[in-house]
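Okay, so here's the structure we're looking at.
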Amino acid sequence: MIKSHRIVFRKPNSIKIEEAKLPELSSGQILVKTLVTLISAGTEITALTGRFPPNSAWSRYVRYPFYPGYSNVGIVIDVGDSVRDIREGDRVASLAGHTEYAILNEKDVVKVPEGITDEEAAFHTIASGVMHSVRLANILLGDVVVIIGAGLLGQLATQFSRLSGAYPVIVIDLIRKRLELAKTSGATEIINPIEENVEDKIRDITKGRMADIVFEVTGEPTVIPWAIKLVRPQGRLIILSSPRGPTQLDFHDEVNAPSRIIMGTHFSSQPTYETPYYPWTRRRNIELFFELLTAGIIKTRHLITHIFPWYEAQKAYETLLKNKEEALGVILDFRK
């Protein structure tokens, strides 16, 4: 029986490493040794701090002890009966958490192609979710896209929006370094609200039309009533983040009268099965993400700011909490 270390939040603001025993493999399962994991800062910092409303979807999702992580790249070290397409030695992407070893169903992993580094591949979960959001936004050639929040989701939304034909792509953030990274991600314009009037700047860039599509990617509920004002009449506000609490909005003045559309695009709404109406499952999105990485069309290396050994998880989360000016893509390394 294999023993595995894993990260756990036993209560708010408590980061521990515990040891767990894994059961024997069942039919159709594989045993994976983790190589690297990516910390999903929005979700995991919210879970760590406990800063979410009671009696909400957040409170139902985050139950302590909470085991964080869902962006895992590992190597297969054993396979159970009836496993057909996965072999020992394959690198695979999965939703496993920050854990040394994981037992997974064969159908729940995606092979990582050669030529992609472990660190690049670790972005697979958030990339597939952002791709889903960009598709639901229905971006057309020449659409003006505004992205509020230049964290990892905002950086990937910038790349996929450009790939979908958006122009210009305007990224808004308070942190100068993140805005500079957004340029590398493909932003045609960057705006720091501390330095410029955002509404006036977007009105100037768009010749008064305002944005066709605005992605809200901060997770701050108070941003939404401001974000919708950047959307043109009959344009779309896409909630790509998972806001931490309720929002107060004048639906007549900001939604009904200008006939704006508000759309939620949570990662979990990616379908499990392909249909003729919407074939883009999480698996297909991840496979496409890997193809785009291989082709050099999508890039993630510039988003990696820190790599910590897994046993320094406390330091990794503290860096995200205390050093927002520098920390963005934070990876835990289980190879050591």
Side-chain angles (χ1 to χ4, degrees), residues 38-49 51-52 58 123 126 129-130 133-134 137 144-162 166 168-206 210-211 213-231 237-249 254 262 265 299-300 302-306 316-330:
L38 174 70
I39 294 178
S40 179
T43 298
E44 295 182 43
I45 294 301
T46 298
L48 174 60
T49 59
R51 294 174 186 163
F52 49 80
W58 271 112
F123 286 76
I126 63 171
V130 172
S133 180
V134 168
V144 176
V145 168
V146 170
I147 296 166
I148 305 175
L152 292 182
L153 299 185
Q155 299 285 343
L156 288 170
T158 300
Q159 294 191 55
F160 289 121
S161 294
R162 283 295 304 270
V169 175
I170 306 163
V171 177
I172 302 169
D173 203 282
L174 298 170
I175 299 174
R176 170 55 55 180
K177 181 171 182 178
R178 293 188 177 189
L179 290 174
E180 292 301 322
L181 287 173
K183 288 183 179 179
T184 304
S185 294
T188 60
E189 302 280 350
I190 56 173
I191 304 175
N192 188 328
I194 297 174
E195 301 171 358
E196 299 180 271
N197 182 293
V198 175
E199 261 187 273
D200 288 347
K201 184 69 179 290
I202 291 176
R203 188 173 289 107
D204 182 60
I205 293 170
T206 63
M210 304 304 285
I213 298 160
V214 172
F215 287 93
E216 192 289 308
V217 207
T218 68
E220 292 296 331
T222 56
V223 169
I224 294 173
W226 172 75
I228 200 168
K229 296 179 184 294
L230 307 179
V231 181
L237 174 64
I238 310 298
I239 310 299
L240 173 52
S241 71
S242 294
R244 297 175 291 273
T247 294
Q248 186 171 354
L249 186 65
E254 304 300 348
I262 302 175
T265 57
K299 298 177 174 62
T300 59
H302 67 293
L303 304 177
I304 301 169
T305 58
H306 297 78
Y317 285 105
E318 287 177 353
T319 299
L320 282 166
L321 280 166
K322 299 176 181 179
N323 193 5
K324 292 183 179 180
E325 294 290 332
E326 296 294 330
L328 188 60
V330 177

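No side-chain heavy atom of I228 sits less than 4.5 Å from a side-chain heavy atom of V214. You'll find the side chain of R162 reaches within 4.5 Å of the side chain of T188, heavy atoms only. Counting heavy atoms from C-beta on, the side chains of V330 and L38 never come closer than 4.5 Å. Considering only heavy atoms from C-beta on, T265 stays 4.5 Å or farther from F215 through its side chain. Between S242 and T43, every side-chain heavy-atom pair lies at or beyond the 4.5 Å cut-off. Using a 4.5 Å heavy-atom threshold, the side chains of I262 and L249 count as touching. The shortest side-chain heavy-atom distance between V198 and K201 does not fall under the 4.5 Å cut-off. Within the 4.5 Å cutoff, no side-chain heavy atoms of T46 are placed close to those of R51.
Taken to the nearest 0.5 Å, the CD1 atom of I147 stands 13.0 Å off from the CD atom of E189. One distance of note links CD1 of I205 with CE of M210; it measures 9.5 Å at 0.5 Å rounding. Note that the CD1 atom of I194 and the CG atom of L174 stand 5.0 Å from one another [nearest 0.5 Å]. Here the CG-CD1 distance, from N197 to I191, works out to 9.0 Å after rounding to the nearest 0.5 Å. Atom CZ in R203 sits 9.0 Å away from atom CG in L230 (nearest 0.5 Å). Rounding to the nearest 0.5 angstrom, the gap separating the CD1 atom in I190 from the CD1 atom in I172 is 11.5 Å.
What you find for V217 and G149 is that their closest heavy atoms are CB-O, 4.0 Å. Shown here for P193 and D173, the closest heavy-atom pair between the two residues is CD-O, 3.3 Å. Between K324 and I175 the shortest heavy-atom distance is O-CD1, 3.4 Å. Heavy-atom minimum distance, T184 versus H302: CG2-CD2, 3.6 Å. Here the shortest heavy-atom pairing between L320 and I39 reads CD1-CG2, 3.6 Å. The two residues T247 and P221 come nearest to each other via the heavy atoms OG1-O, 3.1 Å.
Residues passing the side chain to side chain contact (heavy atoms under 4.5 Å, CB included) test with T218 are I148, E216, E220, V223, sequence neighbours excluded.
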* When you look at N192 and R176, which way does the side-chain contact (heavy atoms from CB on, under 4.5 Å) test go after all the steps? -> CA-CA 7 Å; N192 188 328; R176 170 55 55 180; 4.2 Å; yes
* To do: Go through L321 and L48 one step at a time and tell me if the side-chain contact (heavy atoms from CB on, under 4.5 Å) criterion holds.
  => CA-CA 10 Å; L321 280 166; L48 174 60; 3.9 Å; yes
In a table with atom names and distances, give each donor-acceptor pair under 3.5 Å that connects a side chain of residues 150-160 to protein atoms at least two apart or in another chain.
from: Q155; atom 1: OE1; to: A182; atom 2: N; distance (Å): 3.4
from: Q155; atom 1: OE1; to: S185; atom 2: OG; distance (Å): 2.7
from: Q155; atom 1: NE2; to: A150; atom 2: O; distance (Å): 3.0
from: Q155; atom 1: NE2; to: R178; atom 2: O; distance (Å): 3.1
from: T158; atom 1: OG1; to: G154; atom 2: O; distance (Å): 2.8
from: Q159; atom 1: OE1; to: K299; atom 2: N; distance (Å): 2.9
from: Q159; atom 1: NE2; to: K299; atom 2: O; distance (Å): 2.8

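K177 and E325 are not joined by a salt bridge, as no carboxylate oxygen comes within less than 4.0 angstrom of a charged side-chain nitrogen.
Here the side chain of W58 pairs a donor or acceptor atom with the backbone of P243 at under 3.5 angstrom. At least one donor-acceptor pair closer than 3.5 Å links the side chain of S241 to the backbone N or O of G219.
Within 6.0 Å of CD in E195 there are more than 12 heavy atoms belonging to other residues, nucleotides or ligands.
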